[in-house]
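The structure under discussion appears below in the form of structure tokens.
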Number of protein chains: 2
Amino acid sequence: MVEFKSVNEFRLKGGKYFMPCISIDCVIFGFHAGQLKVLLLTIANYSSCGLPAGFIYKEEHIDASAKRILLERTGLSDIFLQQFYIFGDPKRCDENITKAVFEKAGITAPADNWLLQRFLTIGYYALVDFEKVNAKPDYFSETCEWYDIDNLPPLAMDHAQIVQKALLTLRTHLRYEPVGYNLLPAKFTMPELQSLYETILGQKLDRRNFQRKMLSYGILKKLKEQRKGVAHKAPYLYSFDLRKYHKALEEGFQSAW
Amino acid sequence: MVEFKSVNEFRLKGGKYFMPCISIDCVIFGFHAGQLKVLLLTIANYSSCGLPAGFIYKEEHIDASAKRILLERTGLSDIFLQQFYIFGDPKRCDENITKAVFEKAGITAPADNWLLQRFLTIGYYALVDFEKVNAKPDYFSETCEWYDIDNLPPLAMDHAQIVQKALLTLRTHLRYEPVGYNLLPAKFTMPELQSLYETILGQKLDRRNFQRKMLSYGILKKLKEQRKGVAHKAPYLYSFDLRKYHKALEEGFQSAW
DNA sequence: CCAAAAGTGTTACAAGTACACCCATGT
DNA sequence: ACATGGGTGTACTTGTAACACTTTTGG
């Protein structure tokens with residue numbers, strides 16, 4: 001792994017260390033205050049936001065690259081991360097973004113710079129605990145912040161499409177595998193879990209049926225504790241039974257046919 | 001699009017036309033005589049088989065590349081084709097294959113040749129009508145032939161893993177979307193369709209339940225004709241109702257939650 | 001006339017959906 | 001005391017699974 005001291009050094013030496021023409025874009029989902037959120041960067045001199053992205057070291061597994069990018073942006077490791085699509089439209093790239101970054105850094109780069117080529121990008125999506133994230137911008141960006149998924153700012157290039165595809169993948173995923181461990185704190189209530197599901201799916205679910213279905217998967221442990229200090233009846237706390245959770249992750253929930 | 005006259009020309013000029021370090025591997029499924037089959041290439045001077053593969057022109061959409069590769073190998077266009085995964089282990093590559101090809105062509109290539117770099121590969125899988133395929137080998141191979149999926153020869157690099165992942169994807173796909181139009185001739189019998197499903201899923205299904213379920217999707221048209229010349233009772237022929245078939249492809253079959 | 005494959009229908013069980021009542025707590 | 005949210009149970013509907021008999025045809 002290499003440390004670059006500036007955008008300019010990145011521009012000059014990056015081509016030596018990274019695979020050419022391929023990047024990784026991460027759609028990092030978090031959940032807070034009943035809202036599904038995505039982590040986005042803002043770019044100096046540029047009007048639209050972008051996804052946390054990065055490149056692949058020449059000797060690095062692509063999953064490791066994604067993990068590294070995630071760690072750099074959030075400070076977190078060991079979280080749910082999965083590739084979901086590769087975006088390969090030749091028109092997807094917009095060199096104006098890179099040029100804006102260069103301009104801001106006072107650089108004039110020749111057109112054959114490695115950063116100004118056509119890039120394919122591998123989409124990864126991550127599920128993280130909102131509370132634990134310590135968001136940091138990268139070389140190219142000014143801020144790194146959470147945005148509500150249904151109130152996103154304008155996104156650069158095809159990043160809106162990438163977020164959309166990630167969300168669709170997450171929704172599908174949700175139906176056949178457990179989700180939640182990575183998005184919620186260690187202890188949570190059933191209504192909180194339900195709210196997460198409703199947010200991801202974008203629809204209301206029946207309280208009682210939801211609870212029954214969730215419990216039927218056998219991946220939850222009901223704790224003796226109850227959430228305190230809230231209005232109305234105190235809800236029970238649950239935690240995931242990690243052994244069973246991971247087993248379910250591997251095997252999936254359903255098995256039609 | 002560029003025509004290369006020899007492996008050597010490909011080696012020398014390919015780097016100018018193709019994106020670096022990314023290839024496409026196609027898992028082409030066909031169905032014949034109750035067997036699910038995959039199209040594989042054999043390489044001169046080399047002991048194991050490989051998947052039909054190719055590269056991405058610098059101005060080309062990756063889906064178009066996959067389509068082109070498929071056309072070149074099978075003579076078919078307008079067939080079901082879908083990317084399913086990108087394989088990015090830095091150790092996945094084996095330059096010995098390329099070297100074997102070079103050797104066979106009487107070439108000694110410098111180590112920095114574009115073909116000898118680390119490659120990521122995008123996996124696409126295709127479903128084709130076995131009868132219509134006119135298989136042709138490519139620059140690098142000697143033969144292009146069908147192999148039974150459960151009796152595959154040794155495969156080069158990570159191609160066995162790629163086939164496995166494609167099959168898993170196809171199986172999942174089968175549960176939620178219609179499959180069959182691309183793998184079967186225009187007219188087919190219900191037992192033939194069932195056999196296809198059983199083969200892909202690797203398990204026996206109940207005749208009566210299968211038929212009911214299939215018909216319930218409303219994507220089949222029962223024809224007045226029956227298959228003739230077969231032993232025993234003549235089965236009815238069916239065809240797909242393409243309008244409804246494509247609608248189902250878009251919407252999917254199920255909608256849990 | 002019989003073996004083998006194809007057409008068709010019924011019943012039982014599991015899963016999903018819809019819905020109602022009681023309980024606990026903070027205001 | 002009451003409004004609000006949380007805990008729990010039951011009937012209905014739908015889908016899946018298991019299973020048997022009749023029909024046709026080639027040998």
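Labels below follow one simple rule: chain letters A, B, ... track the order of the sequence lines, proteins then strands, and each chain is numbered from 1.
- Taking the six-membered ring for Trp and the full ring otherwise, the centers of A:F210 and A:Y197 sit less than 6.0 Å from each other.
- For the pair B:K213 and D:dG15, the criterion of a side-chain N or O lying under 4.0 Å from OP1 or OP2 is not met.
- The one candidate from B:I122, B:L168, B:V27, B:L170 that meets the side-chain contact (heavy atoms from CB on, under 4.5 Å) condition with B:F84 is B:V27.
- Annotation: B:F80 is not in aromatic contact with B:Y181 [ring centroid separation under 6.0 Å not met].
- Look at NE2 on A:H232: it is 13 Å from C1' on C:dC23, rounded to the nearest Å.
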**OP:** Report the C-alpha separation of A:I149 and A:L167 in whole Å, then their side-chain angles, then the decisive distance to 0.1 Å, and conclude whether the side-chain contact (heavy atoms from CB on, under 4.5 Å) test is met.
**Re:** CA-CA 9 Å; A:I149 187 100; A:L167 182 59; 4.3 Å; yes

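- In this structure, A:K222 places its NZ atom 14 Å from P of D:dG6, rounding to the nearest Å.
- Straight-line distance from the CE atom of B:M214 to the P atom of D:dA17: 13 Å, rounded to whole Å.
- Between A:N209 and the options A:R207, A:Q211, A:R212, a side chain to side chain donor-acceptor pair (under 3.5 Å) holds for only A:R212.
- What separates CZ of B:F210 from P of D:dC19 is a distance of 20 Å, to the nearest Å.
- In this structure, A:Y238 places its OH atom 12 Å from P of D:dG6, rounding to the nearest Å.
- Between the CD atom of B:Q211 and the C1' atom of C:dT8 there is a distance of 8 Å, given to the nearest Å.
- With rounding to whole Å, B:D206 atom CG is found 17 Å from C:dC13 atom P.
- Between B:M190 atom CE and D:dT24 atom P the separation is 19 Å, expressed in whole Å.
- Judged by distance alone with a 3.5 Å cut-off, no donor-acceptor contact links the side chain of A:R207 to the base of D:dT4.
- Put simply, the side chain of A:R208 and the base of C:dT17 share no donor and acceptor less than 3.5 Å apart.
- Interface remark: the A:R227 side chain does not form any donor-acceptor pair with the C:dT25 base, using a distance-only criterion of under 3.5 Å.
- Each of A:R212 and A:L237 lies near DNA chain D, and the nucleotide nearest A:L237 is the one positioned closer to the 5' end.
- Checking D:dT23, D:dG26, C:dT8 against every side-chain atom of B:A231, the shortest atom distance belongs to D:dG26.
- Distances from the side chain of A:N209 to the nucleotides D:dC19, D:dG5, C:dT17 place C:dT17 closest.
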